[in-house]
Structures are given as structure tokens and as C-alpha cells.
Amino acid sequence: MKNAFAIVTLLASSAALSFSPMSAASTEDKVHQISVSGQANVASVPDLFQFSVYVEEQGERVQDLNSVVADKTQTIISSVLAFGVDKKDVQSMRVQLNPWYEHSNNQRIQKGFKLSREINFTLRDISIYDQVIDAVLTTGASRIDGFNYVVEDPQPQYLAALELALKDAKLRASRMAKTLGAKLGKVISISENSGYSPMPRGREVMMMSKSSDSLPGQINTAAQVNVTFELVE
């Protein structure tokens with residue numbers, strides 16, 4: 001994946017030690033065990049920028065509203081495609097139609113309808129995002145939001161974090177066992193409790209800043225595991 005690098009940060013984790021006897025499957029031997037939690041983060045530079053544009057119109061006739069919204073939608077999409085954005089990175093199917101009400105003399109009166117359309121864009125060239133936003137703002141869009149930096153394929157980062165979380169769990173268990181004069185035996189159980197953790201969306205994108213100052217930062221992909229080991233005296 002382009003522009004990706006890994007920064008590994010092992011997070012604090014908890015561990016629980018248990019000496020409760022557990023019957024083995026085929027013998028009467030008692031098994032002592034230790035359960036630990038391992039965590040890790042892998043950071044990477046996002047390679048996609050996503051945002052949403054909304055077109056909203058209100059009036060008496062749905063047919064007229066649909067025509068206006070369709071024209072504005074096409075204008076907005078054309079302005080973005082002019083920057084080399086592929087059509088596959090544009091989604092404009094989400095449409096909402098709701099009654100339009102106004103209040104007069106303590107009464108709620110329906111004046112017509114409100115038609116809105118959401119257009120979602122994905123930019124693969126992050127450096128042009130402010131230029132694209134500027135272009136969209138000149139097309140009469142009602143609002144723009146949902147700004148989000150993402151990694152197109154987070155799986156390699158997650159698998160790397162998962163492996164590091166397992167190593168973290170083993171290290172913690174080994175240290176605890178050594179302190180108590182015991183050794184780690186075989187793994188009894190492993191459970192995974194984690195997933196891809198993208199950056200939170202910004203309040204508002206820095207639309208007026210220079211592209212050289214608009215840095216995407218990093219996205220953390222976190223992994224957490226719970227592992228139970230056998231303790232050997």
C-alpha cells in the first residue's frame with residue numbers, strides 16, 4: 001500500500017492470574033493457568049480522503065424538485081471528475097423525500113416537499129482535496145461534511161498488530177510466571193477482541209489551508225487478544 005509505514009506502540013494491558021484447579025481431559029492431574037491480555041497498535045499514513053456533498057431543495061411539486069436536484073448533482077459530479085477522479089469513486093444513489101412544513105398562527109401547515117440527495121466522493125490523490133472542495137463550493141451544494149481520512153486496505157496493518165498483541169501477551173505472561181517461580185506451558189485458549197480503528201472524522205476540514213499544510217496524520221489499527229497459558233511448576 002502506498003505511503004504506508006508502521007509505528008508500533010505496545011499499549012498497557014491487564015493480566016489475571018488464576019490457580020484454580022481444572023480437570024484435564026484424560027487424567028486426574030490439576031492444571032494451573034494464567035490469563036493475560038495483550039494489546040498493540042500499528043500506525044499508517046492514510047491513502048484515501050472521503051467526503052459527502054448534499055443537495056437540498058424544497059417546493060410544491062416533486063417533479064420540479066427532482067429536476068433541480070438532478071441538475072445540481074450532475075454539476076457537482078462533473079466538477080469533481082474534472083480533477084481526474086474515477087466514476088467508481090462517486091456514489092449518488094441516496095435520495096430522501098420528506099414533507100415540508102411551516103408554522104403559522106400556532107399551526108403546522110404543509111407547504112410542499114423537501115428533496116435531498118447525498119453524493120459521496122473518494123479521492124485517491126489526497127493532495128488535491130482542498131482544490132476539489134473549493135470547486136464543489138462553487139456549484140451550489142447545500143452542505144459538505146463527513147470528511148474522513150482512511151486506509152484503503154487496513155488488513156495488513158491489522159494482522160501485524162494482531163501478531164504483536166500475541167507477543168505482548170506471551171511476554172507479560174512469562175514475566176508474571178517467572179516472578180512467581182513458575183514457567184509457561186502450552187496455550188490453553190486464545191480469543192480475539194479487536195478490529196480496525198480509523199481516525200475520527202474532523203469537525204470541519206481545513207478547506208482554506210494550503211495543500212502543503214494539510215497533513216493527513218496517521219491512522220491507528222489496534223489489536224487486542226486474551227490468551228490463557230498453562231503454568232508449569
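Numbers here simply count residues along the sequence, with the first being 1. Only heavy atoms go into these numbers, but all of them, side chains included; no hydrogens, no water, no symmetry mates. From a predicted model like this one, the values you see are computed outputs, not experimental measurements.
Looking only at side-chain heavy atoms (C-beta outward), I119 and V80 stay at 4.5 Å or farther from each other. Using a 4.5 Å heavy-atom cutoff, the side chains of K72 and T139 are not in contact. In this structure, the side chains of V227 and K170 stay at 4.5 Å or more apart for every pair of heavy atoms. Counting heavy atoms from C-beta outward, L65 and F113 have side chains that approach closer than 4.5 Å. Using a 4.5 Å cut-off on side-chain heavy atoms (C-beta onward), F83 and L123 make no contact. Annotation: side chain of K111 is not in contact with side chain of Q58 (no heavy-atom distance under 4.5 Å).
Side chain of T221 to backbone of Q157: no donor-acceptor contact under 3.5 angstrom is found. Checking side-chain atoms of N105 against main-chain N and O of Q107 turns up no donor-acceptor pair under 3.5 Å. Side chain of D168 to main chain of Q39: a donor-acceptor pair is present (N/O by atom type, distance under 3.5 Å, no hydrogens or angles). No donor-acceptor distance shorter than 3.5 angstrom exists from the side chain of N226 to the backbone of N193, with no hydrogens or angles considered. Using modelled atom types, no side-chain atom of S78 and backbone atom of T75 make a donor-acceptor pair closer than 3.5 Å. No donor-acceptor pair closer than 3.5 Å links the side chain of S67 to the backbone N or O of D64. In this structure, the side chain of R117 engages the main chain of S92 through a donor-acceptor pair within 3.5 Å.
In terms of heavy atoms, I219 sits closest to Y149 at CD1-O, 3.3 Å. Taking every heavy atom of both residues into account, A161 and A40 meet most closely at O-CB, 3.6 Å. The minimum heavy-atom distance between V187 and F229, with the atom names listed, is CG2-CE2, 3.7 Å. Looking at every heavy atom in both residues, A173 comes nearest to I34 through O-CD1, 4.0 Å. The nearest pair of heavy atoms linking A223 to A165 is O-CB, 3.8 Å. Closest approach of L115 and V95 over heavy atoms only: CD1-CG1, 3.5 Å.
Heavy-atom contacts from other residues, nucleotides or ligands closer than 6.0 Å to CD of Q63 number 12 or fewer.
Under the 4.5 Å side-chain heavy-atom criterion for ILVMFWY residues, a single connected hydrophobic cluster contains both I133 and L81. The cluster map of Ile, Leu, Val, Met, Phe, Trp and Tyr, joined by side-chain heavy atoms under 4.5 Å apart, puts M176 and V225 in the same cluster. Hydrophobic clustering places V90 together with V55 (ILVMFWY residues linked when any side-chain heavy atoms are closer than 4.5 Å, directly or through intermediates). The hydrophobic clustering, which links ILVMFWY residues whose side-chain heavy atoms are closer than 4.5 Å, places I144 and I128 together. V62 and V68 fall into different hydrophobic clusters, where Ile, Leu, Val, Met, Phe, Trp and Tyr are joined by side-chain heavy atoms under 4.5 Å apart, directly or via other members.
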- Determine, step by step, whether L231 and L184 satisfy the side-chain contact (heavy atoms from CB on, under 4.5 Å) criterion, reporting the C-alpha distance in whole Å, the side-chain angles of both residues, the deciding distance to 0.1 Å, and the verdict. CA-CA 5 Å; L231 275 182; L184 289 186; 4.2 Å; yes
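To the nearest 0.5 Å, the span separating CD1 on I109 from NE2 on H103 amounts to 9.5 Å. Interatomic distance, D89 CG to N120 CG, rounded to the nearest 0.5 Å: 11.5 Å. Going from atom CZ of R124 over to atom CG of L48 covers 5.5 Å, rounded to the nearest 0.5 Å. Annotation: the span from N41 atom CG to Q224 atom CD amounts to 10.5 Å, rounded to 0.5 Å. Of the inter-residue distances, the one linking N98 atom CG with W100 atom CH2 reads 13.5 Å to the nearest 0.5 angstrom. One finds the CD1 atom of I76 at 10.0 Å from the CG atom of L137 (value rounded to the nearest 0.5 Å).
The closest side-chain donor-acceptor pair between D145 and S52, if any, does not fall under 3.5 angstrom.
Taking the six-membered ring where tryptophan is involved, the planes of F147 and F49 are essentially parallel, since the angle between them stays under 30° and well short of 60°.
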